[in-house]
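Each remark here refers to the structure printed beneath this line.
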2 protein chains.
Amino acid sequence: MSRRHHEVLRLAVDLVILTVRDRSFQVLLIERGNPPFAGQLALPGGFLRPGESLEEAAARELLEETALDAGSLHLEQVGAYGHPDRDPRGRVVSVPYLAIAPNLPTPVAGSDAIEAQWRPVEPVLASPGKLAFDHDDILRDAVEQARRQLEYTTLATRFCGETFTIGELRDVYDLVWGMRLDPRNFNRKVTRTDGFLLPTDAKRTPETGRPATLYRRGPADGLHPPMLRGRDLS
Amino acid sequence: MSRRHHEVLRLAVDLVILTVRDRSFQVLLIERGNPPFAGQLALPGGFLRPGESLEEAAARELLEETALDAGSLHLEQVGAYGHPDRDPRGRVVSVPYLAIAPNLPTPVAGSDAIEAQWRPVEPVLASPGKLAFDHDDILRDAVEQARRQLEYTTLATRFCGETFTIGELRDVYDLVWGMRLDPRNFNRKVTRTDGFLLPTDAKRTPETGRPATLYRRGPADGLHPPMLRGRDLS
DNA sequence: GCAAAAGTGTTATACCTACACCCATGC
DNA sequence: GCATGGGTGTAGGTATAACACTTTTGC
């Protein structure tokens with residue numbers, strides 16, 4: 001088992017930053033300025049640096065590319081992608097991270113002058129082949145991971161601001177899952193699940209209609225019983 | 001963004017091989033012969049080689065260390081572990097794989113004369129600090145991943161041989177989850193879930209009691225609705 | 001007969017689905 | 001008043017939990 005047999009490589013940390021904005025489920029993509037894949041869209045990311053843990057690298061990249069503070073955001077690993085030909089520059093294994101962002105008032109601007117843009121997720125998933133590297137695969141897996149977590153965790157609240165209405169939370173489910181949930185049943189479900197939501201005294205009046213109670217995210221991470229979507233898995 | 005800032009590293013592929021034998025939930029561990037951690041127990045594994053994908057490396061290690069053919073086994077990625085100090089030899093990121101093995105008639109013998117042994121999982125999880133590297137963390141996460149998958153996939157059948165009785169399948173749940181399920185309700189649940197089990201004409205007579213129908217694993221991967229364990233997640 | 005494991009039936013309960021209905025606001 | 005979204009009530013279906021009970025073997 002000589003050391004000569006061991007592949008020496010670099011490790012990329014890519015970011016799948018998801019949000020709900022303009023009543024649409026969107027992902028942050030950058031346009032690559034340099035080869036390989038110059039001019040194509042890609043997930044933001046960068047290489048692991050000496051002394052960094054994987055999660056530290058993800059947080060650093062997040063700050064560099066979007067000026068978002070990882071301390072306030074949900075950040076979780078998606079897996080590892082290591083096909084030998086995935087990067088034409090040489091052997092690079094990617095460990096992508098999924099980040100969930102609330103709809104941000106400030107426009108996203110990368111510190112290193114990279115053109116970053118929010119794109120609706122669905123068209124990108126529907127016609128793969130447009131993203132650089134194997135980022136289509138990574139995006140697909142990360143989105144599926146997020147969709148699943150809406151079922152049995154309180155992840156949906158990470159898409160919302162500090163306080164939010166049940167209608168906003170329902171929009172997250174509707175848009176991320178791409179299906180309409182019954183507003184009345186949804187209301188009961190989330191208000192009766194212990195630790196999901198903490199009511200506040202404030203209310204918010206929509207453009208038209210009755211004012212809605214504002215909530216903030218509760219201490220629970222898991223959902224029991226889970227939120228159900230249709231029987232579409234096999 | 002100079003290349004000098006990029007950490008260059010090696011990638012380890014470790015294996016968490018789980019089985020049910022001697023009416024106990026067990027994991028395959030090796031005793032390390034060389035530093036670091038010489039004499040301590042560790043997960044089997046090795047380094048990624050040039051031209052290999054991660055999954056290929058996992059399959060190769062599985063064959064080398066246990067003479068098990070990956071083609072017939074369930075093999076899935078657990079995640080990536082990249083703390084900078086996790087390996088004293090230098091920067092090594094580990095991508096562990098979870099493998100599920102049926103109770104094997106042949107004793108496990110590594111091809112490279114490593115002392116491999118089955119150990120009950122629970123004591124190792126209960127008193128961490130005994131395994132080399134961060135293998136305690138990896139084992140904990142892999143076991144939790146397997147336990148979860150018993151809930152909403154048909155993974156349990158991977159612990160069984162080609163044909164098996166419902167009692168054997170229930171033993172898998174009982175031993176992996178560490179709780180007793182009601183045999184009568186379990187029976188109904190698995191036989192009524194479409195695609196979980198395919199009945200055969202054969203039966204097997206236990207030491208004492210009525211002969212049980214032998215089944216083989218069905219085409220379904222997912223379980224809807226899921227198999228429930230108690231409300232222990234939060 | 002007896003022990004042990006396989007397998008069926010039954011009832012109560014929890015939860016979801018679907019939908020009717022009322023409430024509070026802006027115009 | 002009317003439109004719009006917030007929020008509650010209720011009836012029916014499905015799956016689970018907990019249990020009694022029957023079946024089929026070896027001894």
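Remember, it's a predicted structure, so these values are computed and weren't measured experimentally. Chain identifiers are assigned alphabetically (A, B, ...) following the order of the sequence lines, protein sequences preceding nucleic acid strands; residue numbering begins at 1 within each chain.
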Are A/Asn185 and A/Arg188 close enough that a side-chain donor and a side-chain acceptor fall under 3.5 Å?
yes

Mapping B/Thr208 and A/Met227 to their closest nucleotides on DNA chain C, which lands nearer the 5' end?
B/Thr208

Between C1' on C/dT8 and CZ on B/Phe186, what's the gap in Å once rounded to a whole number?
17 Å

A/Gln149-A/Glu76 side chain donor-acceptor pair, cut-off 3.5 Å:
yes

Please determine whether a side-chain nitrogen or oxygen atom of B/Arg184 lies at a distance below 4.0 Å from atom OP1 or OP2 of D/dA20.
no

Roughly how many Å is it from CZ in B/Arg204 to C1' in D/dG26, rounded to a whole number?
17 Å

Name the residue closer to the 5' end of DNA chain D, choosing between A/Arg192 and A/Arg170 according to the nucleotide with the nearest heavy atom.
A/Arg170

Rounded distance in Å - NE2 (B/His224) to C1' (D/dT16)
17 Å

Any donor-acceptor pair, under 3.5 Å, between the side chain of B/Arg210 and the base of C/dA5, if you only look at N and O atoms?
no

Quick check on D/dG7: is either OP1 or OP2 less than 4.0 Å from any side-chain nitrogen or oxygen of A/Thr213?
yes

Among C/dT25, D/dA18, C/dG7, which is the nearest nucleotide to the side chain of B/Asp182?
D/dA18

Looking only at the side chain of B/Thr205 (C-beta and beyond, no hydrogens), which of the listed nucleotides D/dT25, D/dA3, D/dG7 gets closest?
D/dT25

Using a 4.0 Å heavy-atom cut-off across all strands, classify B/Pro211 as base, sugar-phosphate, or nothing.
sugar-phosphate

Answer yes if the side chains of A/Gln26 and A/Arg21 hold a donor-acceptor pair under 3.5 Å, and no otherwise.
yes

Could you give me the CA-CA distance, side-chain angles and deciding distance for A/Arg229 and A/Glu151, then say whether side-chain contact (heavy atoms from CB on, under 4.5 Å) is met?
CA-CA 7 Å; A/Arg229 45 174 173 170; A/Glu151 295 189 81; 3.4 Å; yes

B/Asn187 CG - C/dG9 C1' separation (whole Å)
13 Å

Look at the side chain of B/Arg188 and decide which nucleotide, out of D/dG7, C/dC16, C/dG9, has an atom nearest to it.
C/dG9

Separation of B/Arg229 atom CZ from D/dT16 atom C1', in whole Å?
17 Å

Here the distance between atom P of D/dA15 and atom CG of B/Asp194, to the nearest Å, is 12 Å

State whether A/Lys189 places a side-chain N or O below 4.0 Å from either non-bridging phosphate oxygen (OP1 or OP2) of C/dC15.
no

Do A/Gln145 and A/Arg147 meet the criterion of a side-chain donor-acceptor pair at a distance under 3.5 Å?
no

Taking 4.0 Å as the cut-off, does a side-chain nitrogen or oxygen of B/Asn185 come that near to OP1 or OP2 on D/dA17?
no

Atom CZ of A/Arg23 to atom C1' of D/dG5: distance rounded to whole Å?
12 Å

Round to the nearest Å and state the distance from A/Glu207 atom CD to C/dA24 atom P.
21 Å

